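Step one of this worksheet: look at the structure below.
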Amino acid sequence: MVKLTIEKEYTGGEKQSIVVDLPKDLNLAINFQNPMFHQEDNFSYPFTLPASAKNRRLFDTKWKEYPAVFSVNGIDLFHGVAVKFKEKKNSIEIFLKSGNCNFWGKIKDVYMDGFDFGSESNVGRSVSSVINDFDNTLDGCYPQYKYVTPPIYMPSFYDMDKGEGYIRDRINMYDVTTNKLVETITEEVTVDGVTEQQTLKNTIVLCFYMRYLFDTIFENNGYKIVENEMDLYPDLNNLYVLSINRVSDFDNIEYRESLPHILLKDFLIEVCKRFCMSFYINESSKTVVVEV
């Protein structure tokens, strides 16, 4: 049995699922995109519905998107929206598309620095105490830690408009005698022939593990990774995304502020290309299988 169900929202916010009147000779073709090569929506080619009183009430607005599920013999084959684009005296023409109902639709315009990767509250703790926890990240990897604070030498850092008062060419600077991150250093600075002591702050950045970012993108969009062949390659747990976005608020650290301004989909595609990975998304069960 073939069935197309529309979720109709009425005045006052009431929603109701209604089965559409379909023609007896329905001919419906759906184009399913391979998520590894296409990020466009899944869609159907236009098809014709009878202009019954029910269908006219359901599809009362041209180009409006109505949440829809297409199923065959009780199995949901397509989740998305139905769109009416033409109405005649005896027929209504519509098409289906996945829209923002599928994974790629949800993330297509979302940037990494605008996505909720989590946060940590350190209200009431001293900066020294928080930084001490950062030190410990060097002793492990994912999944023990979400991020790492590696020492980074970057001669051009001071020229990147990061402000006065910071160490010029070091990010996450450590004391070589204690292997601990420093809060500040004091050095002699000569300006216009005058030498003076100046206290400079350490630039602390968090570099998030690739696997944490990868897993969180799916999980925070409502998908569960049920099989993950990355588990077979422990070295992948050590890979992190280099960042130079410093921690600005030690009381409440928003993880997204440490991430680059790139689209989530571009990040996922690049990871898959570099590590010969594929992932398969089941939109019905909201599950993901990752193959390497």
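Numbers for residues simply follow the sequence, beginning at 1. Every value quoted in this text rests on a predicted model; they were computed, and no experiment measured them.
- What you find for Pro260 and Met112 is that their closest heavy atoms are O-CB, 3.5 Å.
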Pair Tyr147-Tyr212, ring-ring contact (aromatic ring centres under 6.0 Å, His included): steps then yes or no = CA-CA 8 Å; Tyr147 55 77; Tyr212 173 74; 8.5 Å; no
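- Within the 6.0 Å centre-distance limit, the rings of Phe103 and Phe218 are counted as a close aromatic pair.
- Residues Phe208 and Ser243 form no side-chain contact, since every pair of their non-hydrogen atoms from C-beta on lies 4.5 Å or further apart.
- Here the side chain of Asn245 pairs a donor or acceptor atom with the backbone of Leu259 at under 3.5 angstrom.
- Across all their heavy atoms, Asn55 and Pro50 have their closest contact at ND2-O, 2.8 Å.
- Ion pair Lys8/Asp60 flagged as a salt bridge, since at least one NZ, NE, NH1 or NH2 atom sits closer than 4.0 Å to an Asp/Glu carboxylate oxygen.
- No side-chain donor from either of Arg256 and Tyr111 sits under 3.5 Å from a side-chain acceptor of the other.
- The shortest side-chain heavy-atom distance between Ile185 and Asn202 does not fall under the 4.5 Å cut-off.
- For Ser52 and Asp21, the side-chain atoms include at least one donor-acceptor pair closer than 3.5 Å.
- Taking the side chain as every heavy atom from C-beta outward, Ile92 and Arg56 approach each other to under 4.5 Å.
- Relative ring orientation between Phe214 and Phe279 is described as perpendicular, the plane-to-plane angle rising above 60° on a 0-90° scale split at 30° and 60°.
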query = Going through the distances and angles, do Met210 and Val271 end up as a side-chain contact (heavy atoms from CB on, under 4.5 Å)?
reply = CA-CA 8 Å; Met210 179 198 74; Val271 169; 3.8 Å; yes
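- Clustering ILVMFWY residues whenever any of their side-chain heavy atoms sit less than 4.5 angstrom apart, transitively, puts Val289 in a cluster other than the one holding Tyr223.
- Closest heavy-atom contact between Tyr209 and Gly140: OH-O, 3.3 Å.
- Under the 3.5 Å distance criterion, with hydrogens and angles disregarded, a donor-acceptor pair is assigned to the side chains of Tyr142 and Asp215.
- Across all their heavy atoms, Val292 and Glu229 have their closest contact at N-OE1, 3.0 Å.
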message = The test is side chain to side chain donor-acceptor pair (under 3.5 Å); show your working for Thr149 and Tyr174 and say whether it passes.
response = CA-CA 10 Å; Thr149 52; Tyr174 283 77; 3.0 Å; yes
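- Cation-pi geometry between Arg125 and Phe250 is not satisfied (NZ or CZ under 6.0 Å from the ring centre, within 45° of the ring normal).
- A salt bridge is absent between Asp109 and Lys265; no separation between the charged side-chain nitrogens and carboxylate oxygens falls under 4.0 Å.
- The shortest non-hydrogen separation linking Ser17 to Thr5 is CB-CG2, 3.9 Å.
- A donor-acceptor pair shorter than 3.5 Å cannot be found between the side chains of Thr287 and Tyr280.
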